[in-house]
Protein chains: 2
Amino acid sequence: MSQNKRAELIQKALWLFYRNGFHATGMDLVAKETGVSKTSIYKHFRTKEDLILAVLRLRDENFRNMLLRGLEDKAAKPEDQLLALFDVLKDWFEEDSFQGCMFIKASAEFQEASHPINAQAMEHKRLLKEHFTDVARAAGFADPEAVACHLMILKEGAIVLAAMSHSCVPAGDAKEAARLVLAHSPRI
Amino acid sequence: MSQNKRAELIQKALWLFYRNGFHATGMDLVAKETGVSKTSIYKHFRTKEDLILAVLRLRDENFRNMLLRGLEDKAAKPEDQLLALFDVLKDWFEEDSFQGCMFIKASAEFQEASHPINAQAMEHKRLLKEHFTDVARAAGFADPEAVACHLMILKEGAIVLAAMSHSCVPAGDAKEAARLVLAHSPRI
DNA sequence: GATTGGGTTGACCGATCTGTTCATGTTTAG
DNA sequence: CTAAACATGAACAGATCGGTCAACCCAATC
């Protein structure tokens, strides 16, 4: 299997797991939908868990890339970037393919803290928070980690509510809340 | 089966689904752990989905009751109750049995918007938001629904992060963010 | 053209899934 | 005491689960 084929397999598996859930998506379906026989899949991934981990690695790379790029595109100054986060999220929510946060779902289906899949999901959140902390520091906040934590909470809450009901538009509300929080967080 | 037995069955099934997930918990395990034979279970619940719906109804009742009671116990004035939400959450996070929000998990495993389980999870969130809106109105906020939405976002974010990593204490951070938001939301 | 060898395949394995059946207790009510 | 009502465990059906295997294809080498 070429490297291309392998990447394509992971990409399509990502979509299946994202849409149907991890336990609910069998390897037979993955084989059928990707057009790659189960035997070939298992030649490149020892177990289903290994495939899921590869999927999550791709998702982490794609998602963080999309988000960080989005922040830079929407705003130049660090402080504006922190608020622009919720504009990027809004764009994401409005995509047809939006189905919530894959890492929250992965963590929900594999809940043991020591489980590799859960650990990988946590690592994704840690990296995001780290980035927000850096931006908050550049923006001149006195406690950049606290600011990052507040943003993370608003971000996860907005995602969860956006995934559960399309009735309200939590991205807008989250941005409004973030504006209040940022406006009154102490600067250096 | 007495009404007691039935309630006990639902209670134990709740714990199993909450801890292991819905798809990952088979009916054989439910029968074994509850001490109720599979035959009897299926006499009272036509399908596994029906059992899950009953479990979610119980959870909704217990959780909303615990939360509303907690708010009233922690604070008398409506505005203080809104902030006390995050003290109640903190107590919940510190329980050994804490495993995240059951409705977020249910919604993650049954993602189709029209699925009855997803609908029930959404209804739970709707009822909570409705209550927050009432309290925010009593507290004299100019836009009680917006305040409730902000609180919901902070609440869901805090729960998700608390469930994914016990390293930080998002309840405290969420309360701090909520304090900033409430302090600068317009009053009537 | 014959041989080789990596990559692919459909068929298959045992286990487990939801849900049912049934013969055998075990309660409960008259 | 008897009869109806209910609960039980074990086995079953049909499907699907994660995972494996011998056979096969096809391009490269001699």
Side-chain angles (χ1 to χ4, degrees), chain A residues 1-57 102 105-106 108-112 114-118 120, chain B residues 1-57 105-106 108-112 115-118 120:
Chain A
M1 184 188 293
S2 70
Q3 208 65 15
N4 265 2
K5 274 288 182 189
R6 182 191 163 101
E8 192 182 336
L9 193 164
I10 298 179
Q11 178 69 45
K12 288 187 178 171
L14 190 157
W15 173 246
L16 288 172
F17 288 134
Y18 184 44
R19 181 133 240 177
N20 305 337
F22 297 94
H23 285 107
T25 304
M27 293 298 280
D28 289 280
L29 182 65
V30 173
K32 195 174 88 177
E33 291 293 314
T34 59
V36 181
S37 75
K38 224 162 34 143
T39 318
S40 290
I41 296 178
Y42 274 100
K43 201 142 272 171
H44 292 271
F45 303 97
R46 275 180 48 257
T47 63
K48 181 183 183 181
E49 182 179 312
D50 279 2
L51 173 59
I52 293 177
L53 286 172
V55 162
L56 289 184
R57 270 190 295 271
M102 190 159 200
K105 291 183 188 179
E109 287 207 51
F110 305 91
Q111 315 181 43
E112 303 150 85
S114 63
H115 196 296
I117 292 178
N118 200 329
Q120 186 135 337
Chain B
M1 185 189 294
S2 71
Q3 208 65 14
N4 266 0
K5 273 286 182 191
R6 183 190 162 100
E8 193 182 334
L9 191 165
I10 298 179
Q11 177 68 48
K12 288 187 179 171
L14 189 158
W15 174 245
L16 287 172
F17 287 134
Y18 184 42
R19 180 131 240 178
N20 305 337
F22 297 95
H23 285 107
T25 303
M27 293 299 278
D28 290 279
L29 182 65
V30 173
K32 196 174 86 176
E33 292 293 314
T34 58
V36 180
S37 73
K38 222 166 34 148
T39 317
S40 290
I41 296 179
Y42 274 102
K43 199 142 277 171
H44 291 272
F45 302 97
R46 275 179 46 256
T47 63
K48 181 183 183 180
E49 181 180 313
D50 278 3
L51 173 60
I52 293 177
L53 286 172
V55 162
L56 290 183
R57 270 190 295 271
K105 291 183 186 178
E109 287 206 50
F110 305 90
Q111 315 180 45
E112 303 150 84
H115 196 296
I117 292 178
N118 200 330
Q120 187 134 338

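Just so you know, these numbers come straight off a predicted model, no measurement behind them. Protein chains get the first letters and strands the later ones, always in sequence-line order, with residue 1 at the start of each.
- In this structure, OH of B:Y42 is placed 18 Å from C1' of C:dC22, rounded to the nearest angstrom.
- Side-chain atoms of B:T47 stay outside donor-acceptor range of the base of C:dT18, with no qualifying N/O pair under 3.5 Å.
- We find that CD of B:E49 is positioned 12 Å from C1' of C:dT18, with the value rounded to whole Å.
- B:K38 comes within 4.0 angstrom of a base, heavy atoms only.
- Here B:K105 does not pair with B:E109 in a salt bridge; the nearest charged N to carboxylate O distance is not below 4.0 Å.
- Side-chain contact between B:K12 and B:E33: absent, with no pair of heavy atoms (C-beta onward) separated by less than 4.5 Å.
- A distance below 6.0 Å separates the ring centres of A:F110 and A:H23.
- The side chain of B:D28 lies closest to C:dT18, out of D:dG18, C:dT18, C:dT8.
- Between the side chain of A:K48 and the base of D:dG19 there is no donor-acceptor pair of N/O atoms closer than 3.5 Å.
- In terms of heavy atoms, A:K48 sits closest to A:F17 at CE-CE2, 4.0 Å.
- Toward the 5' end of DNA chain D, the nearer of the two residues A:T39 and A:G26, judged by each one's closest nucleotide, is A:G26.
- Under 3.5 Å, the side chain of B:S40 and the base of D:dC6 form no donor-acceptor pair of N or O atoms.
- In this structure, A:T25 and B:S37 both approach DNA chain D, and ranking their closest nucleotides by distance from the 5' end singles out B:S37.
- Taking atom NZ of residue A:K32 and atom P of nucleotide D:dG18, one finds them 14 Å apart after rounding to whole Å.
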